[in-house]
Amino acid sequence: MRGFELSEDFALKLDREDPLVSFRSRFFIPPNTIYFDGNSLGLMSKDSEESLTRVIKEWQEKGINGWLDAEQPWFYFAEALGAAAAELVGAEADEVVAAASTTVNIHSLVSSFYKPAGRRKKILADELNFPSDIYALKGQIALRGLNPEENLVLVQSRDGKILDEKDIVNAMDGTIALALFPSVLYRSGQLLDMESLARKAQKKGIIIGFDCCHSVGAIPHRFDEWDVDFALWCSYKYMNSGPGSPAFLYVNRKHFNEQPLLAGWFGCDKEKQFNMTLDFCQVNSAGAWQISTPGILGLAPLEGSLKILREAGIERIREKSLRMTAYLFFLVENVLSGIPYRFGTATPKEPERRGGHVALQRNEDAWSICQALKARGIIPDFRPPDIIRIAPVALYNKYHEIWQMVNIIKSIIDNKDYLSFKNKKAQVT
Ligand SMILES: *Cc1c(COP(=O)(O)O)cnc(C)c1O
């Protein structure tokens, strides 16, 4: 965090020196807006618009023939996108496929990999995970006729913000059959040490999976090297592929012979799928965990997003993201931490322990300050009760925008602008 300066000129200088600066012009930036919500919904790129427009045209011109004759034949689209995404997560091409949605993929993978037996009946997760993941795990336990109250073990946080990996490892005992953890915690932005957790789980005979919604597209992963069993993630956050765009799943090839229990005909070997036999001809790849016909119009923008991500390179993206969040920490500490501003951060400061966003924390009035920021054209997001999340995205945000935001927060507090937003509520935050 050393080497930064407080002046506006310094922010502009950081932008001039940014090797990824040219990527911003490939995105649609909402007019008069500083957008820091790419960890909830990434912005659309022109590359995504182009791949979507092409597929729309192919539907118009080819009808059903698009399944085999489109530029990227639709029949193989989900696999092709999986192969392109594999390099972002350190996997082989056939270990990743685009499929369904995050929560559906949790159900689909956990239904295969959760095999409660004897003493080993429990699932290990944590109390800070995204609620949908926990609902899915409880449902999976109940489906086996077991009681979720007894069989879902949630690792507790010591401070309500972050998890201690030692507490996770200590909970990995002989009663745990499967563990599922987020790569990056959605509120505090803590990045868990996936490698060490995967190695410990393996040593203890526990199957481990990761929900990487908040890390793919922002951080490099090495699933194969770390020997992760399975993983899944959405594509609408740092992968910029559109509201509710399809998710991805990863299955370590050592598990290709496991059975997808939420099976569907898109998990068949493609050579045999249209033989329409009633025996499931499982493909020997992660593709087996697809269920239904993929929504091709939903997949189409992913082609453009992956093109940009691979061109920029995930290592360079991570490097810039860390520099941006370090700069944000520096400004918050120097401009917003004293009285009357009283901002703190809930995100770990060590680079290897933080993801792509920073959680600003303020005991009072965080919600109304967030609303006042929105009224000034700055889009953060809010996670109750006291967190304002700021995601400076390497592909399209500027250092100068970080500088502007911090100084606008300062003026909102100096002028007490936030007081007029005190009692407003919203449904999507
Ligand atoms: C974004 C996110 C989800 C969203 O789930 P959907 O099924 O895509 O609605 C789930 N879990 C985590 C950890 C997330 O970050």
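From a predicted model like this one, the values you see are computed outputs, not experimental measurements. Residue numbers start at 1 and run along the sequence shown. The basis for the numbers below is simple: all heavy atoms, side chains too, and nothing from hydrogens, waters or symmetry mates. We count ligands from 1, going down the list as the structure has it; atoms in each ligand are counted the same way.
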Aromatic ring centroids of Tyr250 and Phe223 under 6.0 Å?
->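 Yes, ring centres under 6.0 Å apart.
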
Would Phe230 and Phe113 count as a close aromatic pair, with their ring centres under 6.0 Å?
->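 Yes, close enough.
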
For atom 7 (O) of ligand 1, which protein heavy atom lies nearest, and how many Å away is it?
->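 Going by distance alone, atom 7 (O) of ligand 1 is nearest to Thr103 OG1, 2.6 Å.
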
Any N or O on Tyr236 sitting closer than 3.5 Å to an N or O of ligand 1?
->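 For ligand 1, there is an N or O atom that lies under 3.5 Å from one belonging to Tyr236.
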
For ligand 1, is there an N or O atom under 3.5 Å from any N or O atom of Asn129?
->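 No - when backbone and side-chain N and O of Asn129 are compared with those of ligand 1, no distance drops under 3.5 Å.
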
For [X], atoms of ligand 1 separated by under 4.0 Å from a heavy atom:
X	answer
Lys237	1 (C), 2 (C), 3 (C), 14 (C), 15 (O)
His214	15 (O)
Asp133	10 (C), 11 (N), 12 (C), 13 (C)

Taking atom CH2 of Trp67 as the centre, does the number of heavy atoms from other residues, nucleotides or ligands within less than 6.0 Å exceed 12?
->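 Above 12, so yes.
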
Is the backbone of Leu163 close enough, under 3.5 Å, to the side chain of Gln190 for a donor and an acceptor to pair up by distance?
->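 Judged by distance alone, yes, a pair lies under 3.5 Å.
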
For ligand 1, which part of Phe130 has a heavy atom less than 4.0 Å away: the side chain, the backbone, both, or neither?
->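 Side chain only.
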
When you look for heavy atoms under 4.0 Å from ligand 1, do you find them on the side chain of Asp211, its backbone, both, or neither?
->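 Just the side chain.
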
Cation-pi check, Lys270 onto Phe75 ring (under 6.0 Å, within 45° of axis) |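 So Lys270 does make the cation-pi contact.
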
Have Lys161 and Gln361 got a donor and an acceptor in their side chains that come within less than 3.5 Å?
->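 Present: a donor and an acceptor within the cut-off.
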
